[in-house]
K.L.:
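Here it is, the structure in full.
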Amino acid sequence: MPEAPEVETLRRGLESFAVGRPMGPPRLGRARIFRDMESPEVLQGLLDGAVFSSIRRHGKFLILDISRDDLGESGLVLILHMGMSGQLRASAVCGLQAMRVAHAHLTFCFLDHTEVAFIDPRTFGRVYLDRLADGESLPPTLSHLGPDILLSQHPFAKLRDRAVDSRVWIKKMLLDQCLVAGIGNMYADEVLFGSRIDPRREGRSLSRSEFDSMEATAAEVLNRAVKLGGSSLADRSYRDIDGDLGRFQNEHLAYGREGEPCPRCATEIVRIVSGGRSSFFCPSCQG
DNA sequence: CAAATATCCTGATAGC
DNA sequence: TGCTATCAGGATATTT
């Protein structure tokens with residue numbers, strides 16, 4: 001379940017591995033993941049002879065800027081979303097392990113015979129082809145997203161505005177990518193724990209100082225997570241571009257810790273389910 | 001119109 | 001041991 005810190009880790013990996021490296025046509029897998037393009041074959045022709053000039057991230061999306069000798073900085077971008085089980089994996093020598101080949105849906109084939117594969121067993125991941133409008137840095141496909149949780153100075157400004165008169169649970173609002181982009185179920189619980197806020201609180205019940213606290217906590221938690229290469233959970237499905245596991249899961253304080261003592265007050269962490277999503281929190285010190 | 005629910009999907013795991 | 005049922009959840013579409 002790659003969220004902003006995991007996607008940022010992948011962004012850095014892809015940046016150092018792929019930027020400026022000329023490509024041939026990519027290999028294609030299942031068509032299901034390709035969106036907003038006439039056919040995946042169009043993408044093949046477009047990437048053949050291209051380079052990625054930069055790799056950017058907004059929320060949980062990666063934005064790969066496409067540059068070609070014939071088009072220059074065309075404004076064309078490839079957008080990747082990892083969904084639940086998506087992985088990016090580099091291979092120094094051509095070819096991936098057979099078990100991964102079955103789920104490799106898009107493989108960038110560089111002319112030096114290195115590869116980067118987008119692997120996704122559950123195919124919740126998505127690939128979009130889009131074009132930047134003049135002067136815009138975000139493509140239309142991503143225009144609905146709120147401020148990026150890691151890049152914005154005040155990522156919760158829009159969330160706060162919307163929360164003022166909302167009876168929606170704050171946990172649910174944190175997951176709304178239109179309000180703030182990059183937080184998923186895992187980091188939402190960690191941020192709420194750090195700010196001592198019950199996930200079931202209505203948006204309108206939060207004070208200004210509680211929003212400030214969430215903003216400060218989010219910055220601490222997510223930057224720390226980036227520093228540790230993200231979080232790999234029990235299924236170990238999240239790995240960086242080299243296949244290595246993240247290390248921030250060892251520092252989770254609430255998420256996934258049902259029945260364990262709260263690190264602050266030793267009360268048992270509880271799990272509730274709402275809308276099919278789990279929330280882990282301390283019923284005692286998250287008020 | 002906002003909010004709740006259904007849908008997609010397969011590997012891992014719990015339970016029998 | 002080996003099978004089956006259940007679970008995980010991000011984003012989008014559909015229904016209430």
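Throughout, a chain's letter reflects where its sequence line sits, starting with A, and its residues are numbered from 1.
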K.L.:
Does Arg32(A) place a side-chain N or O at less than 4.0 Å from the phosphate oxygens OP1/OP2 of dC9(B)?
P.N.:
yes
K.L.:
Taking OP1 and OP2 of dA4(B), is either one under 4.0 Å from a side-chain nitrogen or oxygen of Lys172(A)?
P.N.:
yes
K.L.:
Tell me whether the guanidinium CZ or amine NZ of Arg21(A) lies under 6.0 angstrom from the six-membered ring centre of Phe17(A) and within 45° of its axis.
P.N.:
yes
K.L.:
Under 4.0 Å between a side-chain N or O of Gln177(A) and OP1 or OP2 of dA11(C)?
P.N.:
yes
K.L.:
Please state how far atom CG in Asn185(A) lies from atom P in dA8(C), giving the value in whole angstrom units.
P.N.:
10 Å
K.L.:
Take atom CG of Asp189(A) and atom P of dG10(C), then tell me their distance rounded to the nearest Å.
P.N.:
10 Å
K.L.:
Grab the two heavy atoms, one from Gly45(A) and one from Arg68(A), that are nearest each other, plus how far apart they are.
P.N.:
O-NH1, 3.3 Å
K.L.:
When the distance from CD1 of Ile170(A) to P of dA3(B) is rounded to whole Å, what number comes out?
P.N.:
13 Å
K.L.:
To the nearest angstrom, how far is Ile149(A) atom CD1 from dG10(C) atom P?
P.N.:
15 Å
K.L.:
State whether a side-chain donor-acceptor pair under 3.5 Å links Asp130(A) with Thr141(A).
P.N.:
yes
K.L.:
Let me know the distance between CE of Met84(A) and C1' of dT7(B), rounded to the nearest Å.
P.N.:
14 Å
K.L.:
Kindly confirm whether the side-chain ring of Phe124(A) is stacked on the base of dG10(C), judged by centres under 5.5 Å and planes under 30°.
P.N.:
yes
K.L.:
Assess whether a salt bridge exists between Lys171(A) and Asp189(A), defined as any Lys/Arg side-chain N lying under 4.0 Å from an Asp/Glu carboxylate O.
P.N.:
yes
K.L.:
Are OP1 or OP2 of dA11(C) and a side-chain N or O of His144(A) less than 4.0 angstrom apart?
P.N.:
no
K.L.:
Nearest to the side chain of Glu3(A), which nucleotide is it out of dT10(B), dG10(C), dC9(B)?
P.N.:
dG10(C)
K.L.:
Which nucleotide sits closest to the side chain of Arg277(A): dC8(B), dA11(C), dA3(B)?
P.N.:
dA11(C)
K.L.:
Using a heavy-atom cut-off of under 4.0 Å over every strand shown, decide if Arg271(A) touches base, sugar-phosphate, or nothing.
P.N.:
sugar-phosphate
K.L.:
For Tyr238(A), report the nucleic acid contact type (base, sugar-phosphate, nothing); a contact means any heavy atom under 4.0 Å.
P.N.:
nothing
K.L.:
Does His81(A) place a side-chain N or O at less than 4.0 Å from the phosphate oxygens OP1/OP2 of dA11(C)?
P.N.:
yes
K.L.:
Considering heavy-atom distances to DNA chain B, does Asp235(A) or Gly275(A) have its closest nucleotide positioned more toward the 5' end?
P.N.:
Gly275(A)
K.L.:
Using whole Å, what does the distance between atom C1' of nucleotide dA11(C) and atom NE2 of His58(A) come to?
P.N.:
15 Å
K.L.:
Does Lys60(A) place a side-chain N or O at less than 4.0 Å from the phosphate oxygens OP1/OP2 of dA11(C)?
P.N.:
yes
K.L.:
Quick one: label Ser278(A) by what it contacts on the DNA or RNA (base, sugar-phosphate, nothing), any heavy atom closer than 4.0 Å.
P.N.:
sugar-phosphate
K.L.:
Could you go through Glu15(A) and Arg11(A), starting from their C-alpha distance and side-chain angles, then the distance that decides it, and tell me whether this counts as salt bridge (charged side-chain N to carboxylate O under 4.0 Å, His left out)?
P.N.:
CA-CA 6 Å; Glu15(A) 181 175 65; Arg11(A) 188 199 69 76; 3.0 Å; yes
K.L.:
Does a side-chain N or O of Arg30(A) approach OP1 or OP2 of dT10(B) to a distance below 4.0 Å, or not?
P.N.:
yes
K.L.:
Looking only at side-chain atoms of Phe61(A), point me to the closest of dA11(C), dT10(B), dA3(B).
P.N.:
dA11(C)
